[in-house]
Amino acid sequence: MARWKFVLASWAECSRGIPISKPPQHARTVFKRDNQSPSVSYKAHDVISNGISGAKVFKFVSENTCGGNVEKPAEALQKWMEPKRKTEVIYSTFCFAEDTIQALKQRSGASSSFVAVAAQFWRCVMRAREVPQEEAVYFGVLCDCRGRVKRPLPPTYFGNCLSPGLAQTTANKLINSDISFAAGVIEEVINFCTSEEQINYLIDWVESPDRDILNLLTEAGCVYGTNTVSSPRFPLYEINYGWGKPSDVHIATMHKIGIMFLSCAKDGGKSILVSTCLPQHQMEVVHHLLFVSVE
């Protein structure tokens with residue numbers, strides 16, 4: 001959030017020749033530990049709360065609580081980041097209007113518009129990709145933890161304070177269950193990765209000399225999934241560099257199949273725009289599926 005405010009909002013203020021309203025703070029001492037950090041791993045654990053079965057959430061855990069070896073498929077990360085199969089993909093943006101979002105929230109029992117939209121999108125994209133029924137499918141998200149660390153960070157803190165959340169289930173369970181299942185899994189992964197325990201483990205993992213974000217993803221074995229980027233809370237259409245507000249906003253690069261880029265709508269209302277990148281035949285299926293079940 002703070003990087004977004006500085007890179008876009010503060011940059012726009014500089015472009016208009018006015019003082020920066022919120023100068024960024026660069027202090028990092030809040031994360032310094034006096035004791036030696038334990039060795040931390042990222043492991044999948046069964047969801048046991050709220051009556052959800054058939055799903056796992058990845059958690060940071062101390063190494064001495066882990067048993068067995070975690071398989072690290074060599075090709076999994078490559079498939080997730082850039083499929084070996086050179087398929088031509090297209091970029092599309094979908095608008096979830098306010099009434100559609102409310103209908104999704106009612107059907108899914110979601111606590112937020114983000115969860116409702118993400119649940120619908122995850123299910124439709126995995127169905128469009130024709131993932132084998134017993135294949136694992138994933139939902140990934142980066143959660144803002146500025147207000148959840150001890151002490152809470154100031155709004156002007158310049159730097160990343162994000163906790164990775166990743167959930168796993170099977171294509172069969174995701175697609176053939178009611179949307180409330182997907183929404184419940186997404187809410188669980190958000191609750192896990194924003195808990196105080198997980199944030200403390202994340203800090204320990206960051207301080208570990210052998211930490212590697214790529215190893216984190218390969219441990220998860222991401223092959224088929226939806227990864228969420230950005231947030232509809234960012235008022236992108238309010239940015240003014242001196243020649244007026246933008247007429248349209250899009251992400252510059254998008255190379256991950258099935259990624260979910262969320263942004264606010266231009267009208268300033270409660271609609272949410274979702275952009276993604278898929279092979280053309282899969283995108284056509286998503287176009288058909290995304291809103292048919294909420295009409």
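For the single chain, residues carry numbers from 1 onward in sequence order. Keep in mind the model is a prediction, meaning the values are calculated, not measured. For the numbers below, each heavy atom of this structure counts, side chains included, while hydrogens, waters and symmetry mates do not.
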Query raised in the report: Tell me, do I272 and I101 make a side-chain contact under 4.5 Å, heavy atoms counted?
Result: yes
Query raised in the report: Do R127 and V285 have side-chain heavy atoms sitting under 4.5 Å apart?
Result: no
Query raised in the report: Under the 3.5 angstrom rule, does the side chain of Q120 hit a backbone N or O of L290 as a donor-acceptor pair?
Result: yes
Query raised in the report: Taking everything shown except K105 itself, do over 12 heavy atoms lie less than 6.0 Å from its NZ?
Result: yes
Query raised in the report: Roughly how far apart are Q282 CD and S92 OG, rounded to 0.5 Å?
Result: 12.0 Å
**Report entry** Student check: side-chain heavy atoms of V185 and V47 closer than 4.5 Å
**Finding:** no
Query raised in the report: Is the F96-F121 ring centre distance short of 6.0 angstrom?
Result: no
Report task. Assess whether side-chain contact (heavy atoms from CB on, under 4.5 Å) is satisfied between Y224 and E135, documenting all intermediate values. Result -> CA-CA 8 Å; Y224 299 103; E135 188 74 41; 3.3 Å; yes
Query raised in the report: Got a donor-acceptor contact below 3.5 angstrom from the S195 side chain to the F192 backbone?
Result: yes
Report task. Taking all non-hydrogen atoms of both residues into account, name the closest pair between M283 and I90 and its distance. Result -> CE-O, 3.3 Å
Query raised in the report: Which is it for F60 and S41 under the side-chain contact (heavy atoms from CB on, under 4.5 Å) test, yes or no, and what are the steps along the way?
Result: CA-CA 6 Å; F60 285 104; S41 291; over 6 Å; no
Requested in this report: Examine I18 and W11 and state if one hydrophobic cluster contains both, with Ile, Leu, Val, Met, Phe, Trp and Tyr joined whenever side-chain heavy atoms are less than 4.5 Å apart.
Outcome: no
Query raised in the report: Do you know which two heavy atoms are closest between L174 and A182, and how far apart they sit?
Result: CD1-CB, 3.7 Å
Query raised in the report: So, S163 side chain and C193 main chain: donor-acceptor pair closer than 3.5 Å or not?
Result: yes
Query raised in the report: How many angstroms lie between atom OG1 of T194 and atom CG of L162, to the nearest 0.5 angstrom?
Result: 12.5 Å
Query raised in the report: Closest approach of A55 and I52, non-hydrogen atoms and distance?
Result: CB-CG2, 4.3 Å
Report task. State the CD1-CG distance between I257 and N227, to the nearest 0.5 angstrom. Result -> 13.0 Å
Report summary line: One should read off an interatomic distance between Q102 CD and R107 CZ, to the nearest 0.5 angstrom, of 14.0 Å
Query raised in the report: Does R123 reach the main-chain N or O of S177 with its side chain, forming a donor-acceptor pair under 3.5 Å?
Result: yes
Query - side-chain contact (heavy atoms from CB on, under 4.5 Å) assessment of K59 paired with Q198 - result: CA-CA 7 Å; K59 299 171 62 179; Q198 287 301 292; 3.7 Å; yes
**Report entry** Pairwise side-chain contact, L202 with V40, heavy-atom cut-off 4.5 Å (strictly under)
**Finding:** no
Query - Any donor-acceptor pair under 3.5 Å from K266 side chain to S247 backbone - result: yes
Query raised in the report: S10 and I20: which non-hydrogen atoms are nearest, and at how many Å?
Result: OG-CG2, 3.6 Å
Query raised in the report: Can you find a pair of side-chain heavy atoms, one from K245 and one from E238, that are under 4.5 Å apart?
Result: yes
Report task. Name all residues meeting the ring-ring contact (aromatic ring centres under 6.0 Å, His included) criterion together with F139; count only those two or more places apart in sequence or in a different chain, and write none if there are none. Result -> W122
Query raised in the report: Roughly how far, to the nearest 0.5 Å, is NE2 of H288 from CD of E284?
Result: 12.0 Å
Query raised in the report: Side-chain contact, heavy-atom cut-off 4.5 Å: T228 with F114?
Result: yes
Query raised in the report: Do the side-chain N and O atoms of E13 and S21 include a donor-acceptor pair separated by under 3.5 angstrom?
Result: yes
Requested in this report: To the nearest 0.5 Å, tell me how far C161 SG sits from I203 CD1.
Outcome: 7.5 Å
Requested in this report: State, to 0.1 Å, how close G165 and V189 come at their nearest heavy-atom pair, and which atoms those are.
Outcome: C-CG2, 3.5 Å
Query raised in the report: Quick one: are L278 and V125 in side-chain contact, heavy atoms under 4.5 Å?
Result: yes
Query raised in the report: Under the ring-ring contact (aromatic ring centres under 6.0 Å, His included) test, which residues partner H287, sequence neighbours left out?
Result: F94
**Report entry** side-chain contact (heavy atoms from CB on, under 4.5 Å) between T226 and Y138, intermediate numbers included
**Finding:** CA-CA 6 Å; T226 295; Y138 299 84; over 6 Å; no
Report task. Report yes if the distance between the aromatic ring centroids of Y42 and W205 is under 6.0 Å, otherwise no. Result -> no
Requested in this report: Look at atom CD of E130 and say whether more than 12 heavy atoms of other residues, nucleotides or ligands are closer to it than 6.0 Å.
Outcome: no
Query raised in the report: Is the backbone of T93 close enough, under 3.5 Å, to the side chain of T276 for a donor and an acceptor to pair up by distance?
Result: no
Report task. Report yes if some heavy atom in the side chain of C95 is under 4.5 Å from a heavy atom in the side chain of V274; otherwise report no. Result -> no
Requested in this report: Determine the minimum heavy-atom distance between C277 and V89, stating which atoms define it.
Outcome: SG-CG2, 3.2 Å
Query raised in the report: Within 45° of the axis and under 6.0 Å from the centre of the six-membered ring of F181, does NZ or CZ of K173 qualify?
Result: yes
Query raised in the report: What residue among N176, T169, T170 forms side chain to side chain donor-acceptor pair (under 3.5 Å) with N172?
Result: N176
